[in-house]
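See below for the structure under consideration.
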Amino acid sequence: MAEKYDHHELERRWQDRWDSDALYRSEVDWDRPKHYALTMLPYTSGDLHIGHWYAMVPSDARARLMRMKGYNVLFPMGFDAFGLPAENAAIKSGVHPATWTWANIERMREQLRTMGTMFDWEREAISCDPSYYVWTEWLFRRLYEGGLAYRGEAIVNWSPALQTVLANEQVIDGKDERTGAPVEQRKMEQWFFAITKYAEELLDFSAIDWAEPVKVMQANWIGRSEGADVVFTTEGGDQIPVFTTRPDTLWGATFMVLAPEHDLVDALTSDDQRVAVDEYREVAGSRSEIERMEVDREKTGVFTGGYALNPVNGAKIPVWIADYVLLSYGSGAIMAVPAHDERDFAFARAMDLPVVSVIHPEGADPLDGETMTESYVGPGVMVNSGPIDGVETTDAKGRENPSVAATLDWLEGNGLGTEAVNYRMRDWLISRQRYWGAPIPMLYREDGTIEPEQNLPVILPEDLVVTGGASPLTTDEAFLAATDSDGEPATRETDTMDTFMCSSWYHYRYLSPGFGAGPFDPEEAAYWLPVDVYTGGAEHATMHLLYTRFFTKALRDLGVFDETAAVMESHGRDPTGLFDEPMLMSRNQGQILGEERTGDRLVIAGQWRGDRLVAESVRVDDDAPLDAAPVVGELLKHDDDSLQVATTNGVVTVEIPDDAAIEIPGAEGPSELSALRAHVAIQRMSKSRGNVVNPDELVERYGADTVRTHLMFAFDWEKGGPWDSHGIVGSRRFVDDVWKLATTQYEPTTVSQDSSAALRRLVHQTIQKVDRDMTAFKWNTAVAALMTLRNRMLDERTSREVSTEAWDEAVSILLLLLAPIAPHITEELWHRGGNVASIHLAAWPEADAAVATEPMVTLVVQVNGKVRDRIEVAPDIDEETATAAAMASERIQAYLEHGEVRKVIARPPGLVNIVIN
RNA sequence: GCCGGGAUGGCGGAAUGGAAGACGCGGCGGACUCAAAAUCCGCUGGGCGCAAGCCCGUGUGGGUUCGAAUCCCACUCCCGGUACCA
């Protein structure tokens, strides 16, 4: 009797053995092709959740695949260890952020170990370790010296709750993207990275194979628009530059609007308007970002009393201020063309300002500015527009639009404006008024100038108490007191860096985490860079994934890779283009959601229609008595427009019409059907909802190999979906079956050559499929193919007709193909099968195409596109023979009697379609 | 509003112009068992039929094609991103 499969003992034993054998240690070897596999490093929250497994396990499997394919694979891991949660934990429990963080790292290392990944722990890098952040500081200094880091005043996002500023990328709907804390606009002096200098290059994705949605999100975020810069002049002679994407409508500009914070507002404001202007500016300044962004908000604004001259026709137009114009976009001032811009139109009507149409819409009456009820944007012919009268205008953008092109040429010819490109993206705000981060290594000197700290690292003092108010660095005399390059006393910068700065370059630190002479060892970098495959969450599309691209390009231009390039060349590797992008290929997993919920008690009132109840009102009320009228029951399932509800009298189908009243106590947003569906269905996992799936428990119960297999099998990896706690047993059965197949003695009774060949055929087809699917990150179908092979082998084990050779080959290939997915059990069975070396050092099997070829294939015979018969034929059958065989079929003959053959489409060997009338 | 992705059995999902529903879960029936679990065998999109078989079926409506889940047009809903961006 074969030994039972005990995942506990087996998995621990192999993890220990791999450690002691240093199986996953990767070393530079210029004689072998390299492969740098990377998965996003976790934040040190203290608990590895199922999402980490879901992200990391396929990444590990892919790295293992590449290794078996002969690559020298580097697959490192580390920790993103600075950040606010550590400070929050400190405030809550009195533990120092450092203590909290290092304890969490300890715990997470243990959890990561149970995954059975091939991480090379000798490459581990931790961003809060001084040996790491000294180089974060050093890189900041290089950026500063290279003009890419600067201190400047801008309207920034300030979070009162978090007591710090945030980057634009970290603010969503006027709230902090991580905690939801509200954000205000404040004018402050802060540290920025000049990411906008790279806007154009960041829009070029031609050198990288990244997931399409991420590229689209980045392009949208960068937000390139083409247009013109045009300068308006005030009566006082001040210049007001504006950016416009529609310079062709310049002749329709009837007023100007400046952002309330615009520098020229004071100069423009007339005495009699000063009170109103100041009042408006005060109100606008106190409005939160959320209020300011509210859709459909009434337009507000105030006339400054000043006028400006339209450069194209000298028209004198009033200058207003309004908060719908943002200081941070373009020049913070616009020319308003109410006839052809929705916002300007709303403002003009609200303030009773003139509207002049300059586009005569295609196939319609000319527009009259006085009577128009909405702005017009669309094709037509330019009118009232001096030199461009009669020019056609289209829906195209920029120079593609004839009217825009004509205007640009005219403006430039007359020196009145220039063609210009504007970007939505702003410079990356990297200073944070927090303690637990990498210090910004800058000094404020007594003469008022600033200079970088020469003696790095600036150590973050660990004897401070974090209270949640202002950062303790701001009051720590020992930290503040510094000496500048002239030996004079200076004050240290107390802001720390955005943690995205730390994670922008961690893939370089991994190469040589102990290296003391630079951020990374050029000898290592020359071999391993760039990252070949990167995996992680798409939610980082406009944050980490954008920042790290910028960072790499900036370091390249600052010469940080120069030495690395020289080493590459000395080994005959051409460095051209290798430092343009950090990661050549990137794939993003979806999100694992909480398990679908059932069991909410619903109180439903409505009309019976047959055996269905058409609801008039639905209320979620878990305390309702079950006998209340007319229907109270627990939700079983839901459909697009109906629910299955279990009542004391059985299951009732409830139809929910659009006008049904739906009440969900405690739910956010309007109580509609979609809200009801969202409420009862899929939910994000969170501790407060109590639907968190704990991987440690799953590993204990089913084993890491099963958890790994299931995570890869149960979802479309790039899509994710709700967790289903029942499904995992199927993956465990599969793993059990593999154990059985490989440990029970196989002896054939009577060997059938046909059966043996058929098994070999499936085995080699499985190699082809698994190889293709794993390479393409199609994990679910790769596992499905292995399950199909398992099913066949279970059958063959019963019939005992295949030869021992064919059987042994099947077992060994099953193990090899499964090794990247389930590394422990395959290793164990590999050794039990008599192999001495690790299966993870074995070569990936290669399919024998000849063996994989089917001797006979099914020819589908259709009549008028409907399948009417199937015939076994040779795979190399020609059109004529296939058609003849199809026609000869008895079943087809029966159909042919009913009509005349008009046409035959033959696609041998798969299909013949006979068209009759 | 704009940009992207999506809608396929009871559920997760296969199939990217040629056999819809691979693989798995669940369900049903059976075997083993004193019994249950585990395991094993069979069935499992809907409808009609004793059966051979036939009809219907990939969100909705239209179209292209010998042939459409797949391509095109219009729409509905869901998910993600973004939003007074000039």
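Every heavy atom of this structure was used, including side-chain atoms; hydrogens, water molecules and symmetry mates were not. In what follows, every chain begins at residue 1, and chains take the letters A, B, ... in the order their sequences are listed.
A/N157 and A/Q185 form a side-chain donor-acceptor contact under 3.5 Å, judged by distance and modelled atom types alone.
Contact annotation for A/R224: no contact, since no heavy-atom pair falls under 4.0 Å across all strands. Contact annotation for A/N913: base contact, defined as any heavy-atom pair under 4.0 Å involving a base atom. Counting non-hydrogen atoms under 4.0 angstrom, A/T858 reaches a base of the nucleic acid. A/G301 comes within 4.0 angstrom of nothing in the nucleic acid, heavy atoms only. Counting any heavy atom pair closer than 4.0 Å across all strands shown, A/N422 reaches no nucleic acid atom. Here A/R902 lies out of heavy-atom contact (under 4.0 Å) with every strand. Here A/K299 lies in heavy-atom contact (under 4.0 Å) with a base. In this structure, A/Q862 reaches the bases: a heavy-atom distance under 4.0 Å links it to at least one base atom across the strands shown.
The six-membered or imidazole ring of A/H7 lies away from that of A/W739, with a centre-to-centre distance of 6.0 Å or more. You'll find the ring centres of A/F713 and A/F734 outside the 6.0 Å limit.
Consecutive Watson-Crick or G-U pairs involving RNA chain B, each under 3.5 Å on both distances, make up stems of three or more pairs at B:1-7 with B:76-82, B:10-12 with B:23-25, B:26-31 with B:39-44, B:45-48 with B:53-56, B:59-63 with B:71-75.
The A/V729 side chain lies nearest to B/G26 when the options are B/G26, B/C23, B/G4. Closest to the side chain of A/K866, from the set B/A19, B/G24, B/C56, is B/C56. For A/R343, taking side-chain heavy atoms from C-beta onward, the closest of the listed nucleotides B/U39, B/G53, B/C84 is B/C84. Listed candidates were B/C25, B/A14, B/C66. Nearest to the side chain of A/N780 is B/A14. Comparing atom distances between the A/F713 side chain and each of B/A14, B/A86, B/G12 picks out B/G12 as nearest. If you check B/C23, B/G26, B/C84 against the side chain of A/A784, the one that comes closest is B/C23. Nearest nucleotide to the side chain of A/K903, out of B/C40, B/C23, B/C66: B/C66. When distances run from any side-chain atom of A/P213 to the nucleotides B/G4, B/A86, B/U39, the shortest one goes to B/G4.
With hydrogens and angles ignored, the 3.5 Å screen pairs no side-chain donor or acceptor of A/H262 with any backbone N or O of A/A333. Under a 3.5 Å cut-off, the side chain of A/Q218 and the backbone N or O of A/T542 do not form any donor-acceptor pair. Of the possible donor and acceptor atoms, one in the side chain of A/D427 sits under 3.5 Å from a partner among the backbone N and O of A/I195. Proximity of a side-chain donor or acceptor of A/S889 to a complementary backbone N or O of A/A885 within less than 3.5 Å is not detected. At distances below 3.5 Å, at least one donor-acceptor pair connects side-chain atoms of A/N310 with backbone N or O atoms of A/L250.
Taking atom P on both B/U8 and B/G59, the two are 6 Å apart, rounded to the nearest angstrom. Nucleotides B/A51 and B/A7 are separated by 38 Å at their C1' atoms, to the nearest Å. Comparing the C1' positions of B/G81 and B/G42 gives an interatomic distance of 49 Å, to the nearest angstrom. Here the separation of B/G12 from B/G61, taken at their C1' atoms, is 30 Å to the nearest Å. The gap from the C1' atom of B/A22 to that of B/C72 amounts to 29 Å, rounded to the nearest Å. Taking atom C1' in both B/G47 and B/G9, the straight-line distance is 15 Å, to the nearest Å. Here the separation of B/C77 from B/U60, taken at their P atoms, is 15 Å to the nearest Å. B/C40 and B/U58 have their C1' atoms separated by 35 Å, given to the nearest Å.
A/R426 has no side-chain polar atom (N or O) that falls below the 4.0 Å cut-off from OP1 or OP2 of B/C85. The side chain of A/R868 places an N or O atom within less than 4.0 Å of a non-bridging phosphate oxygen (OP1 or OP2) of B/C54. The shortest distance between the side-chain N/O atoms of A/R733 and the OP1/OP2 oxygens of B/C25 is below 4.0 Å. An OP1 or OP2 oxygen of B/G13 is reached within less than 4.0 angstrom by no side-chain nitrogen or oxygen of A/T781. A sub-4.0 Å separation between OP1 or OP2 of B/A83 and a side-chain N or O of A/N220 is absent. Between A/Y895 and B/G53, a side-chain N or O to OP1/OP2 separation shorter than 4.0 Å is absent. Taking 4.0 angstrom as the limit, A/R424 places a side-chain polar atom (N or O) nearer than this to OP1 or OP2 of B/A83. Considering only side-chain N and O atoms, A/K397 lies nowhere under 4.0 angstrom from the phosphate OP1 or OP2 of B/A86.
Glycosidic conformation, B/G10: anti, with the torsion outside 90° of 0.
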Requested in this report: I would like to know whether A/L786 and A/K769 meet side-chain contact (heavy atoms from CB on, under 4.5 Å); could you show each step before the answer?
Outcome: CA-CA 9 Å; A/L786 291 169; A/K769 173 136 186 72; over 6 Å; no

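Aromatic ring orientation, A/H710 versus A/W723: perpendicular (interplanar angle above 60°, classes split at 30° and 60°).
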